[in-house]
Every structure is written in structure tokens, then in C-alpha cells.
Enquirer: 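Dropping a structure here in C-alpha cells format, bear with me for questions.
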Amino acid sequence: MGAGYLWVKAFHIVFVASWFAGLFYLPRIFVNLAGVAAASHAERERLLLMATRLYRFANLLMLFALAFGFWLWWGFDVWRGFEHGWLDVKLVLVALAIGYQHACGAILKRFVRMANRRSEGWYRVFNEVAIVLFVATVVLVVIKPF
């Protein structure tokens with residue numbers, strides 16, 4: 001496909017990996033926020049600042065990942081010449097990752113409003129969702145099982 005395609009693909013991979021790094025760490029901050037003692041205002045504020053900045057940065061990374069992915073799909077006709085099964089599933093996983101990103105935003109807003117009702121344990125499990133999405137997406141793209 002040429003050098004242009006490889007550059008766009010490389011940047012897509014970089015931004016997807018970076019976006020998911022944010023999705024791996026943000027729920028970990030939620031685990032810590034859920035465990036903060038009510039009297040620890042400074043610790044809570046520090047964690048909220050970290051989470052807010054990370055969420056905003058992850059949103060930016062997500063937009064770049066999606067833009068490069070769209071460029072691959074539309075600009076280089078990546079969708080042509082492949083069996084559509086794996087690509088269709090990948091797009092579903094991308095939609096789930098976007099939904100997970102927005103769920104993180106909703107959770108962050110609850111922490112800001114001091115309206116969290118979930119435990120540290122719940123956030124530990126929630127944290128694993130991003131890992132499952134990432135692994136499933138990478139395996140799907142590399143192996144193309146269908």
C-alpha cells in the first residue's frame with residue numbers, strides 16, 4: 001500500500017496504545033478515590049485532579065486514534081479486500097471502548113459530586129474491562145480469525 005499507509009497505521013497504533021494506557025490507569029485512580037477516608041480532603045482533591053487531567057488527555061488520545069483509524073479505513077480503503085467479519089467485530093470493540101471512556105467520565109463526575117456509592121472492589125473489576133477490550137482488539141487485528 002505504500003509508505004503513507006504505513007505511517008498512518010503506525011500513528012494509529014501509537015494513539016490506540018496511548019489511549020488505552022489512560023483507560024488502564026483512570027479506573028485505578030477510581031480504586032484509590034473509593035478508598036480515601038472522608039477526612040482526607042487533600043488526598044481526594046489530588047486524586048480528582050489527576051483523574052480529571054488523565055480523562056481529558058485520554059479523550060484527546062481517543063480522538064487521534066479514531067481519526068487515524070478512520071483515515072486507514074476510508075483513505076486507504078482498508079475495508080476492501082478483507083473478509084469483513086474481523087473488521088466488523090473490531091468496530092464493535094471500538095464502540096465498546098468509546099462507551100467505556102464515557103462511562104469513566106460519568107464515574108469521574110460522581111466522584112467530583114461526592115456521589116460515589118461503589119466499592120474499591122467494584123472498581124478493581126471495572127478496571128479489567130479495558131484490558132479485556134485491548135487484548136481482544138489486538139488479537140482480532142493480528143490473527144484475523146474470521
Side-chain angles (χ1 to χ4, degrees), residues 5-79 82-146:
Y5 167 78
L6 294 176
W7 278 102
V8 173
K9 186 176 181 179
F11 279 109
H12 176 61
I13 292 168
V14 166
F15 282 108
V16 167
S18 300
W19 170 33
F20 269 89
L23 291 181
F24 296 156
Y25 193 63
L26 187 57
R28 186 68 210 160
I29 296 174
F30 296 157
V31 170
N32 294 327
L33 274 166
V36 169
S40 300
H41 299 292
E43 182 180 4
R44 182 181 179 282
E45 291 304 314
R46 181 181 55 81
L47 289 169
L48 282 175
L49 180 62
M50 288 171 54
T52 301
R53 287 181 177 172
L54 181 58
Y55 178 71
R56 288 178 184 159
F57 190 56
N59 272 333
L60 182 62
L61 294 167
M62 175 186 69
L63 292 175
F64 276 103
L66 294 174
F68 279 105
F70 184 75
W71 190 355
L72 284 171
W73 182 73
W74 190 259
F76 293 100
D77 291 336
V78 167
W79 55 276
F82 289 112
E83 292 298 322
H84 285 258
W86 75 268
L87 188 57
D88 294 341
V89 175
K90 180 193 176 197
L91 293 175
V92 168
L93 292 173
V94 169
L96 290 172
I98 293 168
Y100 186 80
Q101 172 82 15
H102 290 296
C104 285
I107 290 168
L108 179 57
K109 286 178 185 175
R110 274 184 254 145
F111 274 112
V112 168
R113 292 190 323 262
M114 296 184 72
N116 175 55
R117 301 291 178 247
R118 300 199 188 272
S119 68
E120 289 177 61
W122 189 90
Y123 289 111
R124 288 180 196 282
V125 173
F126 180 75
N127 187 55
E128 303 305 318
V129 173
I131 294 166
V132 171
L133 285 171
F134 185 71
V135 169
T137 303
V138 169
V139 168
L140 189 66
V141 169
V142 172
I143 305 297
K144 295 181 181 78
F146 43 86

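What you see is a predicted model; the values in this text were computed from it and never measured.
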Enquirer: Got a second to check how far Met62's CE is from Phe57's CZ, nearest 0.5 Å?
Expert: 13.0 Å
Enquirer: Drop me the distance from Leu54's CG to Asn59's CG, to the nearest 0.5 angstrom.
Expert: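 Output value for this atom pair is 10.0 Å.
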Enquirer: Should the ring pair Trp73 and Phe70 be called parallel, tilted or perpendicular, given that the plane angle runs from 0 to 90° and is split at 30 and 60?
Expert: tilted
Enquirer: I'd like a table of donor-acceptor pairs (distance under 3.5 Å, sequence neighbours excluded) in which one partner is a side-chain atom from residues 16-23, with atom names and distances.
Expert:
residue : atom : partner : partner atom : Å
Ser18   : OG   : Val14   : O            : 2.8
Trp19   : NE1  : Gln101  : OE1          : 3.0

Enquirer: Name all residues meeting the ring-ring contact (aromatic ring centres under 6.0 Å, His included) criterion together with Phe64; count only those two or more places apart in sequence or in a different chain, and write none if there are none.
Expert: Phe15
Enquirer: Tell me, please, which residues at least two apart from Val92 pass side-chain contact (heavy atoms from CB on, under 4.5 Å).
Expert: Leu96
Enquirer: Kindly write out the residues that satisfy side-chain contact (heavy atoms from CB on, under 4.5 Å) with Arg113, not counting sequence neighbours, or none if the list is empty.
Expert: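 So Arg113 forms a side-chain contact (heavy atoms from CB on, under 4.5 Å) with Lys109, Arg110, Ala115.
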Enquirer: Test: side chain to side chain donor-acceptor pair (under 3.5 Å). Region: residues 26-42. Which pairs qualify, not counting sequence neighbours?
Expert: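 Of all non-adjacent pairs touching residues 26-42, none passes side chain to side chain donor-acceptor pair (under 3.5 Å).
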Enquirer: Considering non-hydrogen atoms only, spot the tightest contact between Phe111 and Ala34 and give its length.
Expert: CE2-N, 3.8 Å
Enquirer: Tell me, which pairs form a salt bridge (charged side-chain N to carboxylate O under 4.0 Å, His left out) where one or both residues lie in residues 31-58, sequence neighbours left out?
Expert: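 Those involving residues 31-58 do not exist here.
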Enquirer: How would you list, by chain and number, every residue that makes a side-chain contact (heavy atoms from CB on, under 4.5 Å) with Val8, sequence neighbours excluded?
Expert: Phe68, Trp71, Leu72, Phe76
Enquirer: Val135: which residues meet the side-chain contact (heavy atoms from CB on, under 4.5 Å) condition with it, sequence neighbours left out?
Expert: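 Val135 satisfies side-chain contact (heavy atoms from CB on, under 4.5 Å) with Ile131, Val139 only.
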Enquirer: Measure the spacing between CG of Leu48 and CG of Leu108 and express it to the nearest 0.5 Å.
Expert: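 Output value for this atom pair is 6.5 Å.
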Enquirer: Please name all residues satisfying salt bridge (Lys or Arg N to Asp or Glu O under 4.0 Å) with Glu120, sequence neighbours left out, ordered by chain then number.
Expert: Arg124
Enquirer: With sequence neighbours left out, write down each residue that passes ring-ring contact (aromatic ring centres under 6.0 Å, His included) with Tyr25, or none if nothing qualifies.
Expert: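 So Tyr25 forms no ring-ring contact (aromatic ring centres under 6.0 Å, His included) with any residue.
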Enquirer: Could you pull out all residues at least two apart from Asn116 that satisfy side chain to side chain donor-acceptor pair (under 3.5 Å)?
Expert: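 Once residues adjacent in sequence are excluded, the partners of Asn116 under the side chain to side chain donor-acceptor pair (under 3.5 Å) criterion are Tyr123.
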Enquirer: Residues in ring-ring contact (aromatic ring centres under 6.0 Å, His included) with Tyr55, at least two apart?
Expert: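 For Tyr55 there are no ring-ring contact (aromatic ring centres under 6.0 Å, His included) partners, ignoring immediate neighbours.
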